[in-house]
Undergrad: 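Sharing a structure, written as structure tokens. Questions coming.
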Amino acid sequence: LILYTDGVSEAVNTNNEFYGIDRFLNLIKNIDAKTNSAKEIINLIINDIETFFNGKIQNDDITIVIVKVK
């Protein structure tokens, strides 16, 4: 289960483009949830978002919670 605030999909890069829900969903689809821990999944997501906005200051919070059941 992945919970996130709108600051994830509304993160903006230096070209004023949104990170977007499609990019977020594509990233999630390509993460192997069986072999990665919740912390590893969050790190993969955060790294992708930070790479996307490339140092631009964000005006909204970016919060992600992952619940993984074994």
Side-chain angles (χ1 to χ4, degrees):
L1 174 65
I2 300 175
L3 305 170
Y4 62 96
T5 60
D6 64 345
V8 172
S9 59
E10 295 176 359
V12 179
N13 67 12
T14 55
N15 294 322
N16 290 321
E17 301 166 322
F18 286 109
Y19 184 77
I21 192 69
D22 290 335
R23 181 180 174 128
F24 185 55
L25 291 175
N26 284 331
L27 174 65
I28 292 169
K29 288 177 187 176
N30 290 311
I31 293 174
D32 186 354
K34 290 183 180 181
T35 60
N36 288 295
S37 68
K39 183 176 182 175
E40 290 168 330
I41 295 170
I42 286 177
N43 287 336
L44 289 168
I45 294 169
I46 294 296
N47 287 338
D48 192 62
I49 295 168
E50 287 179 342
T51 298
F52 175 79
F53 68 67
N54 195 26
K56 181 172 177 151
I57 301 298
Q58 301 301 300
N59 295 321
D60 201 353
D61 68 297
I62 295 175
T63 305
I64 302 168
V65 176
I66 294 183
V67 178
K68 188 173 177 181
V69 179
K70 290 186 178 185

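The figures here come from the full heavy-atom set of this structure, side chains too, leaving out hydrogens, waters and symmetry mates.
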Undergrad: Hey, are Asp32 and Thr35 close enough side-chain-wise for a donor-acceptor pair under 3.5 Å?
TA: yes
Undergrad: Take Thr5 and Asp60, measure what side chain to side chain contact (heavy atoms under 4.5 Å, CB included) needs, and give me the verdict at the end.
TA: CA-CA 9 Å; Thr5 60; Asp60 201 353; 5.8 Å; no
Undergrad: Among Asn43, Ile41, Ile42, exactly one meets side chain to side chain contact (heavy atoms under 4.5 Å, CB included) together with Lys39. Which residue is that?
TA: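 By the side chain to side chain contact (heavy atoms under 4.5 Å, CB included) criterion, Lys39 pairs with just one of Asn43, Ile41, Ile42: Asn43.
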Undergrad: Would a single hydrophobic cluster contain both Phe52 and Ile45, if residues Ile, Leu, Val, Met, Phe, Trp and Tyr are joined by side-chain heavy-atom contacts under 4.5 Å?
TA: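 Same cluster: Ile45 reaches Phe52 through Ile, Leu, Val, Met, Phe, Trp or Tyr contacts under 4.5 Å.
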Undergrad: What's the shortest heavy-atom distance between Glu10 and Gln58, and which atoms?
TA: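 Heavy atoms only, the tightest pair is O-OE1, 4.5 Å.
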Undergrad: Looking only at atom types and distance, does a side-chain atom of Asn30 sit under 3.5 Å from a main-chain N or O of Asn26, one as donor and one as acceptor?
TA: yes
Undergrad: Evaluate Tyr4 against Ile21 for side chain to side chain contact (heavy atoms under 4.5 Å, CB included), listing each step before the verdict.
TA: CA-CA 11 Å; Tyr4 62 96; Ile21 192 69; 2.9 Å; yes
Undergrad: Does Ile28 belong to the same Ile/Leu/Val/Met/Phe/Trp/Tyr cluster as Val8, with side-chain heavy atoms less than 4.5 Å apart forming each link?
TA: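 Result: yes, single cluster for both.
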Undergrad: Let me confirm one number: the CD1-CG distance from Ile49 to Asn13, rounded to the nearest 0.5 Å.
TA: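 So the gap between those two atoms works out to 12.5 Å.
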Undergrad: Determine whether Val65 and Ile46 fall in the same hydrophobic cluster, where Ile, Leu, Val, Met, Phe, Trp and Tyr are linked whenever their side-chain heavy atoms lie under 4.5 Å apart.
TA: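 Different hydrophobic clusters.
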Undergrad: For Asp61 and Thr63, work out which heavy atoms get closest and say how close.
TA: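 Taking Asp61 first and Thr63 second, the nearest heavy atoms are OD2-OG1, 2.9 Å.
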Undergrad: Decide yes or no on side chain to side chain contact (heavy atoms under 4.5 Å, CB included) for Phe53 and Tyr19, but give the supporting numbers first.
TA: CA-CA 8 Å; Phe53 68 67; Tyr19 184 77; over 6 Å; no
Undergrad: Could you pull out all residues at least two apart from Asp48 that satisfy salt bridge (charged side-chain N to carboxylate O under 4.0 Å, His left out)?
TA: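 Arg23.
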Undergrad: Without swapping roles, check the side chain of Asn36 against the backbone of Glu40 for a donor-acceptor pair under 3.5 Å.
TA: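 Answer holds: no.
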Undergrad: Side-chain donor-acceptor pair under 3.5 Å between Asn16 and Lys56, yes or no?
TA: yes
Undergrad: Do Ile66 and Ile64 come close enough that some side-chain heavy atom pair is under 4.5 Å?
TA: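 Of all side-chain heavy-atom pairs linking Ile64 with Ile66, at least one is under 4.5 Å.
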Undergrad: List the residues meeting side-chain contact (heavy atoms from CB on, under 4.5 Å) with Asn59, not counting sequence neighbours, and say none if there are none.
TA: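 So Asn59 forms no side-chain contact (heavy atoms from CB on, under 4.5 Å) with any residue.
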Undergrad: Of all the heavy-atom pairs spanning Gly7 and Ile62, show the shortest one and how long it is.
TA: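 Answer, listing the atom of Gly7 first, then Ile62: O-CG1, 3.4 Å.
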Undergrad: Whether the side chain of Lys29 engages the backbone of Phe24 through a donor-acceptor N/O pair (distance < 3.5 Å, no angle test) should be reported.
TA: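 Here the side-chain-to-backbone pair does not exist.
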